[in-house]
Amino acid sequence: MAPSGIHIVNFVIRLIAAVHLLFGVYSMYKAVIPPDVMEIDSAFSGKFKYLTFWNVCLETVYFWFAIVDSLVSECSDNEKKPLRKIRDHYFLSVVFPLSSFVSFTFWVLFAVDRELVMPKAVDQFFPSWLNHTVHTFIVVYSVLELLTSYHRCTQTIYKQCVALWIVTILYVIWCHIVHYQTNLWVYPILNELSFPFRMLFFLGCLLLATVFLTIGFYGNNSIWKRRIEKKSLDINSHNQV
């Protein structure tokens, strides 16, 4: 069966996203920010201390995995498609909510006071195109993926929430490990918060990420339910002619 137009568009988007984000991962990893500009950058664990880097790595893996799934699915008659089940859960539980959260929080804090997330002195070492790759295009590609590919999921959102919460909690623990090793917080905003408010900040971040997960989960079901129903009606009408 020849692939439909939307499948071709989706495959092209995935390929562009996979290549672009992989280059973003490499460029961010190689970007060197001197200690006198941002001390935390060259400290313990390097770029792996940033949620932005976690996210762009996870999203890059997703798009390359999705490309493999697309190619395997075209060559297979197996209707169960086990790779697709993993892909769909991974996208709805981690990729969409995490990319939305990273992009939203970064740009909101950047607009309020950029020194809280990325001091102006960093610009000469972290160019604008790279900043937009890892903080803007991440959500652009996620939204395009949501609109051009149906992601099958269970009727309840519980499993997706658990996966997202595990990733989030692991990152919060990692932030404290980094702080223990360096006596520095990953993000300047954390220096401004006392312990109780820091815990509230992390809790608020978890809740916000869950909101984005909910939007992606029900948005996926709503958009594609209408499209699938319309396609079924078109097929039935054609068969009745």
Would you say [X] and [Y] are hydrophobically clustered, going by side-chain heavy atoms of ILVMFWY under 4.5 Å?
| X | Y | value |
| --- | --- | --- |
| Phe96 | Leu206 | no |
| Phe201 | Met199 | yes |
| Val211 | Leu98 | yes |
| Met118 | Val108 | yes |
| Tyr180 | Leu184 | no |

| said: As a test of understanding, state which of Tyr50, Trp54, Phe53 forms a ring-ring contact (aromatic ring centres under 6.0 Å, His included) with Tyr171. | reply: Trp54

From [atom1] ([X]) to [atom2] ([Y]), nearest 0.5 Å:
| X | Y | atom1 | atom2 | result |
| --- | --- | --- | --- | --- |
| Asn55 | Tyr62 | CG | OH | 13.5 Å |
| Glu192 | Leu190 | CD | CG | 9.5 Å |
| Phe11 | Ile16 | CZ | CD1 | 11.0 Å |
| Ser45 | Trp174 | OG | CH2 | 4.5 Å |
| Glu59 | His20 | CD | NE2 | 11.0 Å |
| Ile67 | Arg87 | CD1 | CZ | 12.0 Å |

Does [X] use its side chain to pair, donor to acceptor, with the backbone of [Y] at less than 3.5 Å?
| X | Y | value |
| --- | --- | --- |
| Ser222 | Tyr218 | no |
| Tyr90 | Leu58 | yes |
| Trp224 | Leu146 | yes |
| Thr136 | Thr133 | no |
| Arg14 | Phe63 | no |
| Trp64 | Leu15 | no |
| Ser149 | Glu145 | no |
| Ser103 | Val139 | no |
| Lys30 | Ser27 | no |

Heavy-atom pair of closest approach, residues [X] and [Y]:
| X | Y | result |
| --- | --- | --- |
| Lys159 | His89 | O-CE1, 3.7 Å |
| Asp36 | Pro34 | OD1-CB, 3.0 Å |
| Phe101 | Thr105 | O-OG1, 2.7 Å |

| task | Report the residues that fulfil ring-ring contact (aromatic ring centres under 6.0 Å, His included) with Phe125, sequence neighbours left out, ordered by chain and then residue number. | result |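 Residues passing ring-ring contact (aromatic ring centres under 6.0 Å, His included) with Phe125: none at all.
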
| remark: Residues passing the ring-ring contact (aromatic ring centres under 6.0 Å, His included) test with Phe110, sequence neighbours excluded, are Phe106, Trp107

Compare all side-chain heavy atoms of [X] with those of [Y] and state whether any distance is below 4.5 angstrom.
| X | Y | result |
| --- | --- | --- |
| Ile223 | Tyr150 | no |
| Val186 | Leu51 | no |
| Ile138 | Val102 | yes |

| field | Derivation of the salt bridge (Lys or Arg N to Asp or Glu O under 4.0 Å) call for Asp41 and Lys47 | value | CA-CA 7 Å; Asp41 189 73; Lys47 297 296 189 296; 3.1 Å; yes

| message | What verdict does the side chain to side chain contact (heavy atoms under 4.5 Å, CB included) test give for Tyr187 and Leu109, after you've listed the backbone C-alpha separation in whole Å, the side-chain angles of each residue and the deciding distance to 0.1 Å? | response | CA-CA 11 Å; Tyr187 299 104; Leu109 291 172; over 6 Å; no

| task | Determine the interplanar angle of the Tyr29 and Phe48 rings, folded into 0 to 90°, and report it as parallel if under 30°, tilted if 30 to 60°, perpendicular if over 60°. | result |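 Aromatic pair Tyr29/Phe48 classed perpendicular.
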
| Would one find more than 12 heavy atoms of other residues, nucleotides or ligands at under 6.0 Å from atom CZ of Phe44? | yes

| For Glu39, does the CD atom sit with more than 12 other heavy atoms under 6.0 Å from it, leaving out its own atoms? |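 Open.
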
| task | Check step by step if side chain to side chain contact (heavy atoms under 4.5 Å, CB included) holds for Met28 and Thr52. | result | CA-CA 10 Å; Met28 184 174 179; Thr52 292; 4.0 Å; yes

| said: Quick one about Trp165 and Thr210 (side-chain donor to acceptor, distance below 3.5 Å, no hydrogens or angles considered), yes or no? | reply: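 Looking only at side-chain atoms, Trp165 and Thr210 do form a donor-acceptor pair, the distance falling under 3.5 Å.
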
| Does a side-chain N-to-carboxylate-O contact under 4.0 Å join Arg114 and Asp123? | yes

| said: Could you go through Leu21 and Tyr26, starting from their C-alpha distance and side-chain angles, then the distance that decides it, and tell me whether this counts as side chain to side chain contact (heavy atoms under 4.5 Å, CB included)? | reply: CA-CA 9 Å; Leu21 294 178; Tyr26 172 79; over 6 Å; no

